[in-house]
Asks: 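Take this structure, written in structure tokens, and hold onto it; I'll ask about it next.
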Amino acid sequence: MFGLAEAFSRQSELIQLTTYENEFETIKSLHTLPKDKQRHFNALTIQLLDNLEQPANKESCAQTSRSLREEGNRVYKSKCDKNAAEAKECLLAACRIYTQAILEAEDALDELALGFANRGMALQDFGYFQQAYDDCACALEFGYPHRLQHKLVMRQAHCAWQLGNVQQLAEHLSILKKLPLNDGYAKQLEQLKQQLEILEANPNNEQLPAIPAVHRVNHKILSTPAKGRHMIATTALKKDELIFTEQAQCFVPIEQRLICQQCAASLLCAPIPCPACHQRVVYCSRNCRQLHANIHIYECGAYRRNLLGMIGVSHLALRLLLKHLPEWIKQLPTENSHNAKELWQALVYPAATEDSPSLQSLRMITQLHKAPQEELVYHALCANLLQVYLFSCTSFYEDLKMANHTDWHLVIAALILRNAGQLLVNGHVGNALVIHALPSNEFPLLQPAMWQRPYHLKRGYLHKFSNRELITAINLPLLSLCNHACNPSLRTTFDGCMVNNYAAFHIAAGEEIFNCYSLDYKHSLSEQRQQQLLEIYKFRCDCSKCVRPEADADYLNFHRYRCELCKQSFVPKVNLNWWQQSDEILSICCTACDQTQQLTWYDQFLQLLERCDEPRDRRKLYEAFAALNTWLLEFNSLKLSLAKELIGGCFAAKDAGATFADYDYAELSKIIEFELAGIAAQRGSNSLLYISNATYLLDLIAWGKHKANAKQLPAMRSSFAFLAKETREIFVNYYNDFIEQ
Ligand SMILES: C[S@@+](CC[C@H](N)C(=O)[O-])C[C@H]1O[C@@H](n2cnc3c(N)ncnc32)[C@H](O)[C@@H]1O
């Protein structure tokens with residue numbers, strides 16, 4: 001049995017790509033091999049798809065799910081002997097285990113239905129009414145036993161009442177009225193009928209006056225031979241002013257983290273999995289599952305084979321095709337009357353000038369013609385594989401009425417290849433705050449120790465959200481029209497698939513608005529950036545930061561040391577980030593006296609860091625951190641990195657039960673403030689990095705162990721506006737619950 005790497009390596013031996021013309025001709029050369037080679041080439045693709053198939057063992061899924069659900073039941077019941085706070089923990093712990101039962105059930109539908117029913121009960125008790133409502137609907141969908149269905153309908157009615165949804169409440173009550181109910185349920189029905197009357201008498205539908213959307217168009221797209229398409233400010237823009245918002249039509253989750261496939265929500269409390277693709281796809285709600293159904297129907301088999309995690313950018317390329325092809329086809333002059341080449345030309349050189357996201361994506365720039373041969377072959381083989389997958393494992397061709405028109409095979413593969421090439425230079429990655437070290441199939445909202453009620457953390461738990469992670473590869477055709485500069489004028493924040501772009505500083509009317517494709521000038525050497533920009537984006541940057549005489553001055557300022565021997569200040573010539581390169585032991589030399597630094601202060605610091613659960617060693621650690629000032633000057637990157645390690649290490653020790661004295665809190669306050677000042681200097685105080693690290697300070701404030709100054713708190717509070725909606729709610733609740741008082 002061979003896998004993808006082996007199949008591709010054998011296939012690349014069979015093909016020969018000559019000079020690159022376009023994606024169509026590249027794919028055509030894979031489809032027009034000499035007969036024997038073609039047969040072998042095609043057989044390898046089919047065999048690979050077969051090899052990747054991972055059949056589920058329904059019986060063992062059912063067993064695992066059942067025992068998890070029974071464990072969940074035990075935890076759920078244990079709430080009865082607990083006080084109110086502990087009972088809440090039991091509910092969440094049960095939800096967490098039921099979620100594992102739901103994931104593990106896969107297509108063992110009886111177990112799946114029971115898992116949903118039980119999780120719905122625990123979610124309702126905890127106060128997640130919408131999710132509980134959805135879980136009941138899922139349980140019914142997957143075949144919850146008929147004789148018990150009244151229980152779920154009653155639960156849905158309760159949730160609808162809690163959510164103030166008159167229509168749903170009325171619907172469920174009318175179903176219940178027709179069912180035989182025992183006394184207990186009949187009583188509940190009567191109570192809910194009264195609640196319905198109350199809701200109907202007091203409709204909560206006072207419409208707030210609609211605020212007219214103020215849509216000040218503050219930018220436009222120009223195109224010149226020198227710059228290609230680019231974005232220009234049409235009015236003066238103040239720092240932090242919103243320039244534009246873009247709703248992504250297409251993204252894919254990266255790094256195996258389970259986020260909602262439709263809206264990219266990452267803090268799920270009731271993930272709804274697709275039962276057919278081995279726990280690789282979840283949704284935050286039934287609504288999202290429904291909205292994504294027309295994409296997932298074609299991706300399910302690929303997820304089941306774990307194919308999509310292996311092909312990098314081609315997954316997003318496939319999704320772009322699935323999402324937009326129906327619209328792309330609409331602009332073909334007349335259907336089914338073309339040969340492959342004509343179809344291709346009509347699709348990729350659209351005459352249309354409308355600016356729908358679908359057509360914007362079709363017109364994105366590609367640099368595939370400049371890609372090294374090896375890279376081109378890899379992407380072409382991925383595109384071919386996906387096309388064969390769509391044809392042989394899904395109903396894609398029939399659904400789009402292409403099944404009898406073999407020319408489409410070539411065109412579809414060429415479109416996937418084109419999308420991949422476009423995304424290599426136009427794709428973006430989106431981030432979110434996630435809990436540090438949480439396994440990819442665990443969910444932040446289901447961590448029992450953290451939550452007092454829905455979206456309200458317990459005191460001292462905000463620092464759990466100090467971790468940023470890249471969660472999506474995302475297509476943003478409008479943002480993609482911005483050219484690059486190493487000091488970007490845009491600051492982009494991600495809210496699932498909604499992306500906001502703010503002015504990073506004052507931008508005058510008529511000035512170009514730049515994005516940054518690499519690390520910016522404060523985080524990298526000019527030469528490193530040039531190399532990356534040339535390799536991937538095929539241009540050399542001549543922005544104002546790159547062409548000035550001391551192009552690296554700002555970056556080097558974050559790498560200033562004092563020599564252990566001659567005591568002069570210096571910036572090492574090489575190995576600037578030596579401590580991050582763990583594979584080799586690197587040293588740095590003073591540029592004034594040429595002496596290698598011993599760095600004993602660094603080794604001692606790391607040793608103390610290992611023992612920060614011990615009060616005496618922690619005290620020494622704070623002293624060692626203060627002593628770093630001798631060797632690491634200003635906001636030296638190493639010092640900022642060690643501050644992060646120290647803060648993270650000490651909070652982890654506290655989370656694990658270490659007792660902290662006022663001395664600890666005072667020292668930690670100082671160190672966190674130093675770190676935040678450094679981050680503000682490097683990235684700004686509204687950056688996600690700043691906000692995520694401010695969580696430590698906010699926890700100290702919540703514990704009454706740090707007194708914020710008059711400016712600090714309002715500034716932090718207003719920075720929450722830059723968070724994704726789902727995390728913003730949690731941060732605002734925390735602020736109101738524990739900080740403002
Ligand atoms: C994401 S696109 C930007 C929009 C592009 N100008 C267009 O016409 O679609 C990236 C490509 O734009 C060009 N580009 C972006 N920034 C540039 C810069 N500062 N100097 C020269 N070319 C640039 C390069 O060709 C790069 O591969």
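All ligand and atom numbering here is 1-based and tracks the order in the structure.
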Asks: Should Ser524 and Arg529 be marked as a side chain to side chain donor-acceptor pair (under 3.5 Å) after you check the CA-CA gap, both sets of side-chain angles, and the distance that decides it?
Replies: CA-CA 7 Å; Ser524 57; Arg529 297 195 297 277; 3.1 Å; yes
Asks: So if I count the atoms of ligand 1 from 1 in the order they appear, which ones are less than 4.0 Å from some heavy atom of Val425?
Replies: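 Heavy-atom distances to Val425 below 4.0 Å select 1 (C).
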Asks: Taking the minimum heavy-atom distance to atom 6 (N) of ligand 1, which of Arg229, His230, His428 ranks first?
Replies: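 It is Arg229 that holds the nearest heavy atom.
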Asks: Is Ser480 in polar range of ligand 1, meaning some N or O pair under 3.5 Å apart?
Replies: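 In this structure, Ser480 places no N or O atom under 3.5 Å from an N or O of ligand 1.
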Asks: Could you tell me whether His428 and Tyr517 have their ring centroids closer than 6.0 angstrom?
Replies: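 No, too far apart.
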Asks: Do Glu512 and Arg229 sit within salt-bridge range, that is, some charged N less than 4.0 Å from a carboxylate O?
Replies: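 Looking at Glu512 and Arg229, the cut-off is not met.
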Asks: Can you tell me how the ring of Tyr283 sits relative to the ring of His292, calling it parallel under 30°, perpendicular over 60° and tilted otherwise?
Replies: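 Judged by the thresholds at 30° and 60°, the geometry between Tyr283 and His292 is tilted.
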Asks: Does Asn483, backbone or side chain, put an N or O under 3.5 Å from an N or O of ligand 1?
Replies: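 For ligand 1, there is an N or O atom that lies under 3.5 Å from one belonging to Asn483.
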Asks: State the atoms of ligand 1, each with its element, that fall below the 4.0 Å cut-off from a heavy-atom position in Lys227.
Replies: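 The atoms of ligand 1 under 4.0 Å from a heavy atom of Lys227 are 6 (N).
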Asks: Tell me whether Lys522 forms a cation-pi arrangement with Tyr555, defined as NZ or CZ under 6.0 Å from the six-membered ring centre and within 45 degrees of its axis.
Replies: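 Cation-pi check for Lys522 and Tyr555: fails.
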Asks: Which residue holds the protein heavy atom closest to atom 19 (N) of ligand 1, what is that atom called, and what is the gap in Å?
Replies: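 Going by distance alone, atom 19 (N) of ligand 1 is nearest to His484 O, 2.9 Å.
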Asks: Of all the atoms in ligand 1, which lie at a distance below 4.0 Å from a heavy atom belonging to Gly228?
Replies: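 Ligand 1 atoms under the 4.0 Å threshold to Gly228: 8 (O).
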Asks: Taking 4.0 angstrom as the limit and counting only heavy atoms of Tyr537, give me the atoms of ligand 1 inside it, by number and element.
Replies: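 Listed by number with element: 24 (C), 25 (O), 26 (C), 27 (O).
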Asks: Cys482 near ligand 1, heavy-atom distance under 4.0 Å?
Replies: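 The answer is yes: ligand 1 sits under 4.0 Å from a heavy atom of Cys482.
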Asks: Tell me if the NZ atom of Lys538 is crowded by more than 12 foreign heavy atoms within 6.0 Å.
Replies: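 Result for NZ/Lys538: enclosed.
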Asks: Between Lys725 and Glu729, does any NZ, NE, NH1 or NH2 come within less than 4.0 Å of an OD or OE carboxylate oxygen?
Replies: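 No, Glu729 and Lys725 are not salt-bridged.
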Asks: Regarding ligand 1, does Gln367 bring an N or O atom to under 3.5 Å of one of the ligand's N or O atoms?
Replies: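 The answer is yes, given that Gln367 and ligand 1 share an N or O pair closer than 3.5 Å.
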Asks: Tell me whether Tyr517 reaches ligand 1 (any heavy atom closer than 4.0 angstrom to a ligand atom).
Replies: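 Right, Tyr517 reaches ligand 1.
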Asks: Taking only non-hydrogen atoms of Arg363, do any sit less than 4.0 angstrom from ligand 1?
Replies: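 Judged by the 4.0 Å heavy-atom criterion, Arg363 does not count as contacting ligand 1.
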Asks: Tell me whether Glu25 is salt-bridged to Lys341, with the criterion being a basic N under 4.0 Å from an acidic carboxylate O.
Replies: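 Looking at Glu25 and Lys341, the cut-off is met.
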